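Below is one structure, written out as C-alpha cells, with a few remarks after it.
Source: prediction; values computed, not measured. Every chain is numbered from 1 and lettered A, B, ... according to where its sequence line falls, protein lines coming before strand lines.
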Protein chains: 2
Amino acid sequence: MYHLPTTTLRYYEDLGLLYDIPRKGNRRAYTQQHLDRLGSICCFKNTGMTLSELQTLFSYSEHGGDLDKIVDLLDQHCQEVDEQLTLLKQNQQHIKRKLHFYQDIRTAEQTNTPLPDWDNYRSRTFH
Amino acid sequence: MYHLPTTTLRYYEDLGLLYDIPRKGNRRAYTQQHLDRLGSICCFKNTGMTLSELQTLFSYSEHGGDLDKIVDLLDQHCQEVDEQLTLLKQNQQHIKRKLHFYQDIRTAEQTNTPLPDWDNYRSRTFH
DNA sequence: TCTTTACTTCAAGTTAACTTGAAGTTGTAT
DNA sequence: ATACAACTTCAAGTTAACTTGAAGTAAAGA
C-alpha cells in the first residue's frame with residue numbers, strides 16, 4: 001500500500017496511530033486522510049520520533065486539540081531535524097574522507113608510491 | 001570518554017569492533033587509534049550502518065586488507081548517505097509545513113478568521 | 001468453479017543494541 | 001587512611017518496532 005507490510009499497518013492501528021478505517025467487505029480501505037496520516041507517521045518516524053511520541057503528538061490533535069502543545073512539539077522537532085542535518089553532513093564528510101583515503105591507498109599500492117597518512121585527511125573536505 | 005557509557009564500549013569490544021586496548025592497572029587506556037576507530041564506529045552507526053556491517057567493513061582492513069571491498073563498501077555507503085540527506089531534507093519540509101499549518105490554525109482561531117486548509121500546504125516550501 | 005493470493009485476528013516470537021545486576025577491585029579526593 | 005565513585009567480569013534482562021505462526025476468509029484470475 002505505502003510500501004509497508006500490512007502487519008506494520010496493523011501494528012500502528014494497535015497503537016492507536018490509525019483508527020476509524022472503513023472496510024470494503026472485511027478488508028481495510030484506507031482513505032486519503034489515512035494515507036496522509038501514514039505519510040506523517042513515516043516522516044516523523046524517519047526523523048527520529050518514536051511511535052510513543054507520535055501517540056503523544058496525535059493525542060494533542062484529538063478532542064478539541066491543544067494547538068500550543070502541537071506547535072511547541074513541532075517546533076522542537078524542527079530544531080532536532082536541523083541538528084540531524086548538520087550531523088549527517090558532518091558524517092558524510094567523514095565517510096568521504098575515508099573513501100578518498102582508501103582510494104589513495106589503493107593508488108599508492110599500484111604505483112609503488114608512499115602510502116598516505118590519515119592525519120592529512122582529518123580536516124580535508126570533499127564534494 | 002566519548003560520551004558513551006563504558007558498558008557500550010565493552011559491548012563494542014565483545015563484538016570485536018575494538019581490541020588490543022592497553023591497560024593502566026586493570027583499566028582500559030584507549031589510544032588515539034582507538035578513539036579514531038570509535039569516532040568511525042559512531043559515524044557509520046549514525047549513518048545507518050549496523051554493528052554487524054561494521055564488523056564486515058573492519059574485517060576487510062585486517063590481515064593485508066581487501067582495498068577493493070573497502071572502497072566498494074564505502075562508495076556504496078556514501079551514496080546511501082546522499083539519499084538519506086535528500087530524504088531528511090524532504091522530511092524537514094514536511095515538518096515545517098505541518099508547523100506553519102498549525103501556527104496558522106492558532107492565528108485563525110485567535111482572529112476568528114477561516115481555518116486554513118492542509119491542501120494549500122502540501123506543496124509549499126518554508127525556510 | 002477452482003485455485004491462488006492477499007487479506008483477516010490474535011498471540012507469541014524475533015532482532016539489534018544496548019543495559020542492568022551482582023560481586024569484586026582500584027585510583028582519587030578528603 | 002578511608003571512603004567512594006568509577007572501573008572490572010560475566011550473565012541475564014530490557015526495549016522498540018516489528019514479524020511470524022496458526023487458522024480462517026474472500027476477492028480476483030484461469
(request) Kindly indicate whether a cation-pi arrangement holds for A/Arg37 with A/Phe58, taking the cut-offs as under 6.0 Å to the six-membered ring centre and within 45° of the axis. (result)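 Verdict for A/Phe58: a cation-pi partner in A/Arg37.
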Measure the distance from [atom1] on [X] to [atom2] on [N] and round it to the nearest whole Å.
X       : N      : atom1 : atom2 : result
A/Leu9  : D/dA17 : CG    : P     : 16 Å
A/Tyr11 : C/dT14 : OH    : P     : 17 Å
A/Leu15 : D/dA17 : CG    : C1'   : 9 Å
B/Phe44 : C/dA17 : CZ    : C1'   : 19 Å
B/Leu4  : D/dA6  : CG    : P     : 16 Å
B/Lys24 : D/dT8  : NZ    : P     : 14 Å

(request) List for me each residue that meets ring-ring contact (aromatic ring centres under 6.0 Å, His included) alongside B/Phe101, sequence neighbours excluded, and say none if there are none. (result)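 With sequence neighbours excluded, B/Phe101 shows a ring-ring contact (aromatic ring centres under 6.0 Å, His included) to B/Trp118, B/Tyr121, given in chain and number order.
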(message) Walk along nucleotides 3-10 of chain C from 5' to 3' and tag each nucleotide B, S or - by protein heavy-atom contact under 4.0 Å, base first, then sugar-phosphate.
(response) ---BSSB-
salt_bridge([X], [Y]) N-O dist < 4.0 Å:
X        : Y        : result
A/Glu109 : A/Arg106 : no
B/Asp75  : A/Lys96  : no
B/Asp72  : B/Lys69  : no

(message) For D/dT19 and A/Thr8 - does any side-chain N or O of the residue sit under 4.0 Å from the phosphate oxygens OP1/OP2?
(response)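 The answer is yes; a side-chain N or O of A/Thr8 sits under 4.0 Å from OP1 or OP2.
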(request) Would you indicate, yes or no, if C/dC18 has its OP1 or OP2 atom less than 4.0 angstrom from a side-chain nitrogen or oxygen of B/Tyr12? (result)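 It does, given that an N or O in the side chain of B/Tyr12 lies less than 4.0 Å from OP1 or OP2 of C/dC18.
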(request) Please list, by residue number, the residues of residues 47-54 of chain B whose heavy atoms come closer than 4.0 Å to an atom of DNA chain C; answer none if no residue qualifies. (result)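 Hits under 4.0 Å, by residue number: B/Thr50, B/Leu51.
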(request) Taking all heavy atoms of B/Lys45 and all of B/Leu54, pick out the closest pair and write down the distance. (result)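 Taking B/Lys45 first and B/Leu54 second, the nearest heavy atoms are N-CD1, 4.4 Å.
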(message) If we count only N and O atoms by modelled type, under 3.5 Å, do the side chains of A/Gln76 and A/Glu80 hold a donor and an acceptor together?
(response)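 Yes, a side-chain donor-acceptor pair sits under 3.5 Å.
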(message) Within the supplied structure, the quantity of interest is the number of heavy atoms (other residues, nucleotides, ligands) at a distance under 6.0 Å from B/Gln33 CD; does it exceed 12?
(response)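 No, because the 6.0 Å sphere around CD of B/Gln33 holds 12 heavy atoms or fewer from other groups.
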(request) Flag yes if more than 12 heavy atoms outside B/Glu13 fall under 6.0 Å of its CD atom; otherwise flag no. (result)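 Atom CD in B/Glu13 is packed in, count exceeds 12.
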(message) Go nucleotide by nucleotide along DNA chain D from the 5' end; which of A/Gly25 and A/Pro5 gets its closest nucleotide reached first?
(response)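 Here A/Pro5 is the residue nearer the 5' end.
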